2 protein chains.
Amino acid sequence: MEVRTVDTRERILDAGERLFMAHGYEGTSMRQITGEAGVNLAAVNYHFGSKESLMQEVFRRRLDWLNEERMRALDALEAEAAGQALKPSAIVDAFFGTLLRMAGDENRGGMTFLRLLGRTLTEPSEFIRAFLAHEYQAVMDRYKEALFKALPEVPKAEIVWRFHFMLGATSYAIAGTDALRLVTDWQIEDEDSTDRLDRLVPRLMSFLIGGLRAPLPQF
Amino acid sequence: MEVRTVDTRERILDAGERLFMAHGYEGTSMRQITGEAGVNLAAVNYHFGSKESLMQEVFRRRLDWLNEERMRALDALEAEAAGQALKPSAIVDAFFGTLLRMAGDENRGGMTFLRLLGRTLTEPSEFIRAFLAHEYQAVMDRYKEALFKALPEVPKAEIVWRFHFMLGATSYAIAGTDALRLVTDWQIEDEDSTDRLDRLVPRLMSFLIGGLRAPLPQF
DNA sequence: TTATGATTCATACGTTCGTTTTAATCATAG
DNA sequence: CTATGATTAAAACGAACGTATGAATCATAA
């Protein structure tokens, strides 16, 4: 209720977000979190109940808004189209562009949350995947349907696979500011980090749409 | 030297590979590994020295062969081309196709190792990324150069980014037999798992090449 | 057969983990 | 001011962690 409470909760969420991003769920201890947040060790269990619940709350805080925004973006597209078929690239932008534009919004977690999300999607922890699957269910179904309608000549199974591939490329693009050193050891040109982010969006979009619209494989 | 030793080492590597894949590095304990392998708890430290060294050996066992195979594939392409420019799709197949075809080879880790690899590339553990970066350095440089030559009209920075995107899409495609449930709750058609794997390769290849050859973004 | 080095085994070490408990402190309503 | 409920604090819990130790067991060479 009081100011202190909100502060403590928020400080824990911020520290958890940053540390889970940097070291993973299993690799981050309660003592690290409370230490970085500057709160007592017991505070996490008092405010969130458990480490697992904290992790879920870290995600919920950001995903609720993100997925609502994605729904609104699709609403807007469909209203604008007035019954006409949507452009696949517009759907891709509504889903992935909305996500990527979060990176520039520090109030919504910025790059830190995006990297956490990217890493978590491949992480093995069962409860996290179950939680994310549940959180994503509705928005996923909606976007799948939109792509089915936008690409009526493409088999649905292909669309689902390509959606999956797009998720992977995007996760890497976000999570892997470090993993990129696997591919390149030189800092790409002289781009600073905001430059890099501004350019990442169109770069990734071109790639995603190129993949989505690629000729179908013949088996 | 003796039969028992080789058996024990191999059993530990197999168990470690499977468990690291299923629960991650931090999420897997020495007792789980030795339990599943049916060996004594002390065996890991005796044969490998530490948990970290075991993890490295799990990867080295598979990556050494994979990256040599990738080098051979590129050698063959360049010999065949006899100085002519390589087709980008052939390079992509040499790199990613060679990887994906490991999935069908149980003697080389099969799906288990591929899923472990896919997950680890986004994992945060510092020592793993440092190790993988070192293991991959040479083959990465070689393939980058090949793509630069095959796509002389594309800026090098774009190629590096798109290589990165391709890595992400592939990792997900592999790691995410489970994560796929995020996208779809129905089993795709009636494909069994071998069918799914056979079809995954051309599906992913179409996507990757579509993305690689997509029109360049205009900033 | 015996000696030797490699391997396996049971066990314990010291640490760190997530969580719980109980008391102190705080802010606010009556 | 005092009572009350919420929050913070310090300390401890048992469990699980990775690792180390020293004795038992094994295979092999002399």
Side-chain angles (χ1 to χ4, degrees), chain A residues 1-59 61 116 120 123-128 130-131, chain B residues 1-59 61 116 120 123-128 130-131:
Chain A
M1 293 299 196
E2 299 80 358
V3 166
R4 288 280 282 283
T5 303
V6 174
D7 267 354
T8 299
R9 278 184 59 98
E10 213 85 345
R11 292 165 64 85
I12 291 172
L13 287 170
D14 289 343
E17 186 171 72
R18 211 194 62 76
L19 288 167
F20 287 144
M21 177 274 285
H23 308 118
Y25 176 75
E26 313 266 11
T28 302
S29 73
M30 303 284 266
R31 285 164 180 83
Q32 285 178 271
I33 295 171
T34 53
E36 173 147 331
V39 303
N40 188 269
L41 169 61
V44 172
N45 287 284
Y46 176 77
H47 285 283
F48 300 96
S50 68
K51 188 184 176 185
E52 286 201 2
S53 300
L54 168 62
M55 180 68 154
Q56 291 184 11
E57 200 54 37
V58 165
F59 276 99
R61 176 169 70 144
L116 172 62
T120 306
E123 254 194 34
S125 286
E126 198 47 60
F127 87 92
I128 302 178
F131 169 75
Chain B
M1 295 297 196
E2 299 80 358
V3 165
R4 288 280 285 283
T5 303
V6 175
D7 267 356
T8 298
R9 276 184 61 98
E10 212 86 344
R11 293 164 64 85
I12 290 172
L13 288 170
D14 289 343
E17 185 171 72
R18 210 194 64 74
L19 288 167
F20 288 143
M21 177 273 286
H23 308 118
Y25 176 75
E26 313 266 11
T28 301
S29 73
M30 304 284 264
R31 285 163 180 84
Q32 285 178 271
I33 295 171
T34 53
E36 173 147 330
V39 303
N40 187 269
L41 170 60
V44 172
N45 287 284
Y46 177 77
H47 285 283
F48 299 96
S50 68
K51 187 185 177 186
E52 287 201 2
S53 300
L54 168 61
M55 180 68 154
Q56 291 184 9
E57 200 53 39
V58 166
F59 277 98
R61 176 168 71 146
L116 172 62
T120 306
E123 254 195 33
S125 287
E126 198 47 57
F127 87 93
I128 302 178
F131 169 74

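Remember, predicted model here, so these are calculated numbers, not experimental data. We name chains A, B, ... by the order of the sequence lines, and we start the count at 1 in each one.
- Rounded to whole angstrom, the span from the CD1 atom of B/I12 across to the C1' atom of C/dT7 amounts to 11 Å.
- Among the heavy atoms of the strands lying under 4.0 Å from B/A42 is at least one base atom, whether or not backbone atoms are also near.
- Protein atom CZ of B/F127 is 12 Å distant from nucleotide atom P of D/dG18, rounded to whole Å.
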| message | Does A/L54 form a side-chain contact (heavy atoms from CB on, under 4.5 Å) with A/N45? I'd like the steps, not just the answer. | response | CA-CA 9 Å; A/L54 168 62; A/N45 287 284; over 6 Å; no

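- Scored by the side chain to side chain contact (heavy atoms under 4.5 Å, CB included) test, B/L41 finds B/M30, B/R31, B/T34 as partners (sequence neighbours excluded).
- Taking 4.5 Å as the limit, every side-chain heavy atom of B/F48 sits out of range of all side-chain heavy atoms of B/Q56.
- Checking C/dT11, C/dT19, C/dT8 against every side-chain atom of A/N45, the shortest atom distance belongs to C/dT19.
- Going from atom CD1 of A/I33 over to atom NE2 of A/H23 covers 11.0 Å, rounded to the nearest 0.5 Å.
- Residue order along DNA chain D, read from the 5' end via each residue's closest nucleotide, puts A/A43 first among B/E26 and A/A43.
- Applying the side chain to side chain contact (heavy atoms under 4.5 Å, CB included) criterion to A/A43, with sequence neighbours excluded, gives A/T8, A/I12, A/V39, A/H47.
- Taking a pair as Watson-Crick or G-U wobble with both distances under 3.5 Å, DNA chain D forms stems of 3 or more consecutive pairs at C:1-30 with D:1-30.
- Spacing between atom NE2 of B/H47 and atom P of C/dG5 amounts to 18 Å, rounded to whole angstrom units.
- Listed by first and then second residue, the salt bridge (charged side-chain N to carboxylate O under 4.0 Å, His left out) pairs involving residues 43-59 of chain A are A/E57-A/R60 (not counting sequence neighbours).
- For the pair B/L41 CG and C/dA10 C1', the interatomic distance rounds to 10 Å; values are reported in whole Å.
- Summarising the geometry, the separation between OH on A/Y46 and P on C/dG18 is reported as 21 Å, rounded to the nearest angstrom.
- Taking atom CG of residue B/L19 and atom P of nucleotide D/dG18, one finds them 12 Å apart after rounding to whole Å.
- Within residues 27-40 of chain A, the residues approaching DNA chain C are A/T28, A/S29, A/M30, A/R31, by heavy-atom distance under 4.0 Å.
- Side-chain N/O atoms of A/T8 include one lying less than 4.0 angstrom from OP1 or OP2 on D/dT8.
- Sorted by first then second residue, the salt bridge (charged side-chain N to carboxylate O under 4.0 Å, His left out) pairs that include residues 17-26 of chain A, not counting sequence neighbours, are A/E17-A/R61, A/E17-A/R62, A/R18-A/E36.
- Annotation: side chain to side chain contact (heavy atoms under 4.5 Å, CB included) contacts of B/F59 (sequence neighbours excluded): B/M55, B/L63, B/F113, B/L116, B/L117, B/T120, B/F131, B/L132.
- We find that NZ of A/K51 is positioned 12 Å from C1' of C/dT16, with the value rounded to whole Å.
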